[in-house]
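Sharing a structure below in structure tokens format, with a few things to ask.
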Protein chains: 2
Amino acid sequence: MSAIPRYYQAKTRLLDLLSELPDNTPFPPERELAELFGMSRTTIRKALDELVLEGKLIRRAGRQGTSVAPRKQVHRLSLDALVQDLATRESVVVRTIGAQDVINVESVLIRGDEPIGVRSTYLRASQFPGFAELYDRGAPLRKFLSDRYQIRFGELHPWCTTALATPRLAGMLEVRPATPVLSIAWMAHDLRGVPVERSWVVLRGDRTHLTMHAASVTPPVLAGRALG
Amino acid sequence: MSAIPRYYQAKTRLLDLLSELPDNTPFPPERELAELFGMSRTTIRKALDELVLEGKLIRRAGRQGTSVAPRKQVHRLSLDALVQDLATRESVVVRTIGAQDVINVESVLIRGDEPIGVRSTYLRASQFPGFAELYDRGAPLRKFLSDRYQIRFGELHPWCTTALATPRLAGMLEVRPATPVLSIAWMAHDLRGVPVERSWVVLRGDRTHLTMHAASVTPPVLAGRALG
DNA sequence: CAGTGGTCTAGACCACTCT
DNA sequence: GAGTGGTCTAGACCACTGG
């Protein structure tokens, strides 16, 4: 056996083929590729799997088959816009959870007709009397909390990691389960340090770039330590 | 065929088993699980694959086999520390590329004896005469550029997305190829807008949380637009 | 109906690592 | 040497979709 796995050789060849095809071009069927490359269909599928996870190919059941994914479809979302709840949304759902004390506001983020993310916020019902009745689902959540309940938010330090889409999330994002997603979460406090909002955003990793801010100058306190 | 794939049933059962085992416990071999569950080894492997990608299991070649991954092993890295190059590093390599005009500084980020990321920076050699000789590999890169070449950096807007580890990266990070990683990139300009630094950081998604800053108050200009 | 991707099987050989 | 995970094959059946 060669040092380079055959499925990786296949992936490289498929990538070459892919890069020369226009968006939405039908891709050769798996069985055809298997015969063409002299490999088993299983091996070809392993290569295709990775290309699908990277968002370079789209697979559909039935006669449609595999096709080249539309490129240049990377949506830039700013962290600030996510936090402020300014991204384009649809299907906003407000639920109460448990002993009616927790409010959950969940919305699907849409860009260019595609669902690209889910934003979910948890609030304490006792802190926001009448929320479910007063809240206009089209309004930015944070602005509403600020205007209606006079919340003044303090510093915010979201954290970000990767995850694999659960079956429920995969359904909402129209991707396969176990697709890699970007997971961003934060806890918001008011100026007195009282917890106000617990939020969580999941973005399709193959369709979004999250833009952020970074300190441009080294603060002395940071320079002395190893890490934050 | 049932509506729920067998490999997903296997995954659920394995997750139950997993949750009751302490960290680093040896996990049953694949062939044993296949017989126990009455499934083929291929199907069991598909379930195990996802658990490995989620960082819940660790697989090693040879007699060691599969074991329960150490939990609570999430390392918090701040975006600012990454940008300033303050994270703990090792094996810093300085290369020149092409017609000797591009300098590449690449380092492996280490936390708790594990490689958790790779930081790669590209500079123009003509802009930094003598860089390779002068640069102390242990020093924070940005501080060095600032001290030695009087660079003053302007605003910075890194962007972040998910990717799958290439074979080379996978080797450096000690993970399997196609493991989901967090990819953070930025272009740094000086105060006059001249491009200075092009950097790229890849972090193991299953071992790191990236912490960031977000604007705590809605700036008027942001509130009026849909997105940034 | 034919052809596609999705899943699953039984078996094989390899590289690696511990004993 | 024995047992592990990593890869690969050839073949099978299913669900779904279009003509």
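Convention: sequence-line order gives letters A, B, ...; per-chain numbering from 1. Computed from a prediction, not measured in an experiment: that's the story for all the values here.
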Protein-nucleotide distance (R6(B), atom CZ; dA12(D), atom P), rounded to Å: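 Spelled out: CZ on R6(B) to P on dA12(D) is 19 Å.
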
Is the side chain of T211(B) donor-acceptor paired with the backbone N or O of W159(A) at a distance under 3.5 Å, no angle test?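 The answer is no, because no donor-acceptor pair under 3.5 Å joins these two groups.
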
OP1 or OP2 of dG5(D) less than 4.0 angstrom from a side-chain nitrogen or oxygen of T66(B), does that happen here?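 Yes, within the criterion.
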
Select from T42(A) and L48(B) the residue whose nearest nucleotide in DNA chain D is closer to the 5' end of that strand.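 Here L48(B) is the residue nearer the 5' end.
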
On the nucleotide dT9(C), are OP1 or OP2 found under 4.0 Å from the side-chain N or O atoms that T43(B) carries?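 It does, given that an N or O in the side chain of T43(B) lies less than 4.0 Å from OP1 or OP2 of dT9(C).
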
Taking only heavy atoms on the protein side, list every residue of residues 30-37 of chain A lying under 4.0 Å from any atom of DNA chain C, sorted numerically.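 The answer is E30(A), R31(A).
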
Would one find a side-chain N or O of R45(A) under 4.0 angstrom from OP1 or OP2 of dC8(D)?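 No, because none of the side-chain N or O atoms of R45(A) sits under 4.0 Å from OP1 or OP2 of dC8(D).
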
Could you state the atom-to-atom distance from CZ of R59(A) to P of dC16(D) in whole Å?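 My rounded result for the distance is 17 Å.
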
Run the side chain to side chain contact (heavy atoms under 4.5 Å, CB included) check on E54(A) and L51(A) step by step: do they pass? CA-CA 5 Å; E54(A) 289 168 9; L51(A) 293 172; 4.1 Å; yes

With side chains defined as the heavy atoms from C-beta onward, is the minimum distance between I58(B) and P70(B) less than 4.5 Å?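 They are in side-chain contact.
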
Report yes if a side-chain nitrogen or oxygen of K46(A) is closer than 4.0 Å to either non-bridging phosphate oxygen (OP1 or OP2) of dC8(D); otherwise report no.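 For K46(A), the contact criterion (side-chain N or O under 4.0 Å from OP1 or OP2 of dC8(D)) is not met.
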
For the backbone of V83(B) and the side chain of R119(B), can you confirm whether one donor and one acceptor N or O come within less than 3.5 Å of each other?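 Yes: the side chain of R119(B) pairs with the backbone of V83(B).
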
CG of L57(B) versus C1' of dG6(D): gap in Å, rounded?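 In whole Å, dG6(D) C1' lies 16 Å from L57(B) CG.
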
Should the pair R207(A)-E174(A) be classified as a salt bridge under the 4.0 Å nitrogen-to-oxygen rule?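 No, this pair does not count.
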
What is the separation between atom CD1 on I44(B) and atom C1' on dT7(C), rounded to the nearest whole Å?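 Between C1' of dT7(C) and CD1 of I44(B): 14 Å.
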
On DNA chain D, nearest-nucleotide positions of R41(A) versus Q64(B): which is more 5'?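 Final value for this comparison: Q64(B).
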
Nearest-Å distance, CG (D49(B)) to P (dG6(D))?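 Taking atom P of dG6(D) as the reference, CG of D49(B) is at 8 Å.
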
Does dG6(C) have OP1 or OP2 under 4.0 Å away from a side-chain N or O of R60(A)?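 It does not, given that no N or O in the side chain of R60(A) lies less than 4.0 Å from OP1 or OP2 of dG6(C).
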
Run the side chain to side chain contact (heavy atoms under 4.5 Å, CB included) test against N104(A) and tell me which residues pass, sequence neighbours left out.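 Partners of N104(A) under the side chain to side chain contact (heavy atoms under 4.5 Å, CB included) test: R95(A), I97(A), E106(A), S120(A), Y122(A).
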
Just how far, in rounded Å, is P of dG6(C) from CG of L53(A)?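 After rounding, the reported distance stands at 11 Å.
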
Any idea which of dC8(D), dT4(D), dG5(C) is nearest the Y7(A) side chain?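 For the Y7(A) side chain, the nearest candidate turns out to be dC8(D).
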
Can you identify which nucleotide, out of dC8(C), dG6(C), dG3(D), has its nearest atom closest to the R63(B) side chain?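 So the nucleotide nearest the side chain must be dG3(D).
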
Quick one: do R59(A) and D49(A) make a salt bridge, cutoff under 4.0 Å?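 Answer for the salt bridge query: yes.
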
For atom NZ of K11(B) and atom C1' of dC8(C), their distance in whole Å: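 K11(B) atom NZ is separated from dC8(C) atom C1' by 18 Å.
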
So which nucleotide from dC8(C), dG5(D), dC8(D) ends up closest to the side chain of P5(A)?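 For P5(A), the side-chain atoms sit closest to dC8(D).
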
